[in-house]
2 protein chains.
Amino acid sequence: MVRPTISETELLDAAILLFRTHGAEGVSLSKLSEATGLEKASLYYRFPGGKEEMILAVLTGVSQWLETSLFPALRQEGPPRKRAAKAAELLRAFYEDGKLSCAVDVLSLPGGSPRRHEALKAALEAWIAAFAAFARESGMTPAAARNVAEDALVRIEGSLVLSRALSDPAPFQRTLKLLPDLLTTR
Amino acid sequence: MVRPTISETELLDAAILLFRTHGAEGVSLSKLSEATGLEKASLYYRFPGGKEEMILAVLTGVSQWLETSLFPALRQEGPPRKRAAKAAELLRAFYEDGKLSCAVDVLSLPGGSPRRHEALKAALEAWIAAFAAFARESGMTPAAARNVAEDALVRIEGSLVLSRALSDPAPFQRTLKLLPDLLTTR
DNA sequence: GTCTATATTAAGATAGAC
DNA sequence: GTCTATCTTAATATAGAC
């Protein structure tokens with residue numbers, strides 16, 4: 001008579017990994033049950049709203065990672081290029097050298113709840129804003145900084161797609177190496 | 001007693017639209033049936049291998065569009081920047097101004113057949129090679145041209161992700177405007 | 001808080017009539 | 001070549017015991 005019990009954090013991390021790997025439609029409650037050691041009924045106890053509520057929790061978790069890890073690194077003390085390099089290192093780990101997909105990519109296909117798409121959009125916009133605030137330190141106009149920030153996000157998302165489709169981490173790793181330049185120059 | 005019958009081309013186009021919109025896991029035979037007017041059994045008559053065979057047909061269709069529309073535009077007579085602008089115009093239409101996703105993105109999540117992933121990779125590599133061949137006309141080394149080509153693909157894929165997640169065609173449209181520069185300069 | 005058991009609906013797939 | 005009908009499996013979801 002086993003009572004596995006999994007912590008809130010472990011449960012969320014397992015869900016994040018699954019959804020980032022297979023996307024919203026590619027994850028079933030059976031897969032979640034297998035990955036967490038919890039029976040489906042227990043998953044409904046934790047997330048009464050079912051899969052959609054789990055996806056919202058995943059998006060909250062990813063947003064919290066941005067707010068507590070990536071953004072603080074950008075706002076640290078020190079020379080801008082060194083802080084950008086630290087951000088790149090955090091991203092490298094977060095995406096496992098390009099082997100993991102981005103939630104913004106794989107969870108943004110049509111079909112989810114309006115709340116899902118609002119959360120996704122808000123997270124992406126917060127990320128762009130954080131990059132833009134960083135870029136402005138290099139003396140860019142707000143508009144130029146916004147362009148640079150969007151461009152960096154475009155490259156991160158796009159290189160993750162290429163790395164996944166080619167089974168080759170190189171495109172993503174080249175983008176990360178470029179990141180300090182992207183956010184400080186123009 | 002209706003016999004709808006749909007042409008090979010119309011059937012494939014409907015499948016391409018569905019899969020590019022919802023991804024592999026997001027498309028069911030019921031959706032395909034509804035979109036094509038064919039009952040599920042008829043879909044199996046056309047594609048005995050079921051959904052996976054339909055996805056392979058989608059990838060063949062997309063590859064053929066590349067080979068018969070995009071690549072010839074790049075190889076046309078005329079000044080390079082004008083040919084690149086024509087390619088951008090074709091891409092704008094193909095992605096419906098950024099409202100449609102790329103098959104390379106939405107069909108590359110893990111879980112498909114090995115053949116699917118080989119076809120996807122081959123299509124993407126052919127695309128990169130076509131961009132690289134074009135870029136070499138501007139006097140770049142093979143390595144530089146390859147970098148420029150991959151960078152252009154990164155930006156196309158990434159800007160499509162941003163446009164989708166933000167419900168805003170601007171990132172994709174800016175990328176297209178940039179394309180002639182991307183493929184002729186460095 | 002997790003379980004077993006079960007209900008309900010949808011998915012992928014096939015048989016056989018026309 | 002398409003249909004209706006059906007099969008089997010898997011998905012989402014809930015009830016109730018412990």
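Protein chains get the first letters and strands the later ones, always in sequence-line order, with residue 1 at the start of each. Computed over heavy atoms, backbone and side chain alike; hydrogens, waters and symmetry mates excluded.
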Side-chain donor-acceptor distances from residues 55-67 of chain A under 3.5 Å, at least two apart:
{"residue": "Thr60(A)", "atom": "OG1", "partner": "Leu56(A)", "partner atom": "O", "Å": "3.0"}
{"residue": "Ser63(A)", "atom": "OG", "partner": "Leu59(A)", "partner atom": "O", "Å": "3.1"}

Exercise. Between Glu8(A) and Arg46(A), is there a salt bridge with N-O shorter than 4.0 Å?
Worked result: yes

Exercise. What residues, two or more places apart in sequence or in another chain, satisfy side-chain hydrogen bond (donor to acceptor under 3.5 Å, both in side chains) together with Ser7(A)?
Worked result: Glu10(A)

Exercise. Which residues pass the side-chain contact (heavy atoms from CB on, under 4.5 Å) test with Ser159(A), sequence neighbours left out?
Worked result: Pro171(A), Phe172(A), Thr175(A), Val154(B)

Only distances under 3.5 Å count here; give the side-chain donor-acceptor pairs of residues 122-138 of chain B to other protein atoms, sequence neighbours excluded, each with its distance to 0.1 Å.
{"residue": "Glu137(B)", "atom": "OE1", "partner": "Arg83(B)", "partner atom": "NH1", "Å": "3.4"}
{"residue": "Glu137(B)", "atom": "OE1", "partner": "Arg83(B)", "partner atom": "NH2", "Å": "2.7"}
{"residue": "Glu137(B)", "atom": "OE2", "partner": "Arg83(B)", "partner atom": "NH1", "Å": "3.2"}

What donor-acceptor contacts under 3.5 angstrom involve side-chain atoms of residues 103-111 of chain B, with partners at least two apart or in another chain?
{"residue": "Asp105(B)", "atom": "OD1", "partner": "Arg164(A)", "partner atom": "NH2", "Å": "2.8"}
{"residue": "Asp105(B)", "atom": "OD2", "partner": "Arg164(B)", "partner atom": "NH1", "Å": "3.1"}
{"residue": "Asp105(B)", "atom": "OD2", "partner": "Arg164(B)", "partner atom": "NH2", "Å": "3.2"}
{"residue": "Ser108(B)", "atom": "OG", "partner": "Arg164(A)", "partner atom": "NE", "Å": "2.8"}
{"residue": "Ser108(B)", "atom": "OG", "partner": "Arg164(A)", "partner atom": "NH2", "Å": "3.1"}
{"residue": "Ser108(B)", "atom": "OG", "partner": "Val104(B)", "partner atom": "O", "Å": "2.8"}
{"residue": "Ser108(B)", "atom": "OG", "partner": "Asp105(B)", "partner atom": "O", "Å": "2.9"}

Exercise. With a non-hydrogen cut-off below 4.0 angstrom, is Leu11(B) in contact with a base, only sugar-phosphate, or nothing?
Worked result: nothing

Problem set entry | Pairs meeting criterion salt bridge (Lys or Arg N to Asp or Glu O under 4.0 Å) with involvement of residues 89-100 of chain A, two or more places apart | Glu89(A)-Arg92(A), Arg92(A)-Asp97(A)

Problem set entry | Positions of residues 15-35 of chain B (non-hydrogen atom under 4.0 Å from DNA chain C), listed by number | Val27(B), Ser28(B), Leu29(B), Ser30(B)

For this session: List in numerical order all residues of residues 37-55 of chain B for which some heavy atom is under 4.0 Å away from an atom belonging to DNA chain D.
Result: Gly37(B), Leu38(B), Glu39(B), Ala41(B), Ser42(B), Tyr45(B), Arg46(B)

Please set out all donor-acceptor pairs under 3.5 angstrom arising from side-chain atoms of residues 22-34 of chain A, sequence neighbours excluded.
{"residue": "Ser28(A)", "atom": "OG", "partner": "Lys31(A)", "partner atom": "N", "Å": "3.2"}
{"residue": "Lys31(A)", "atom": "NZ", "partner": "Gly26(A)", "partner atom": "O", "Å": "2.8"}
{"residue": "Ser33(A)", "atom": "OG", "partner": "Leu38(A)", "partner atom": "O", "Å": "2.7"}

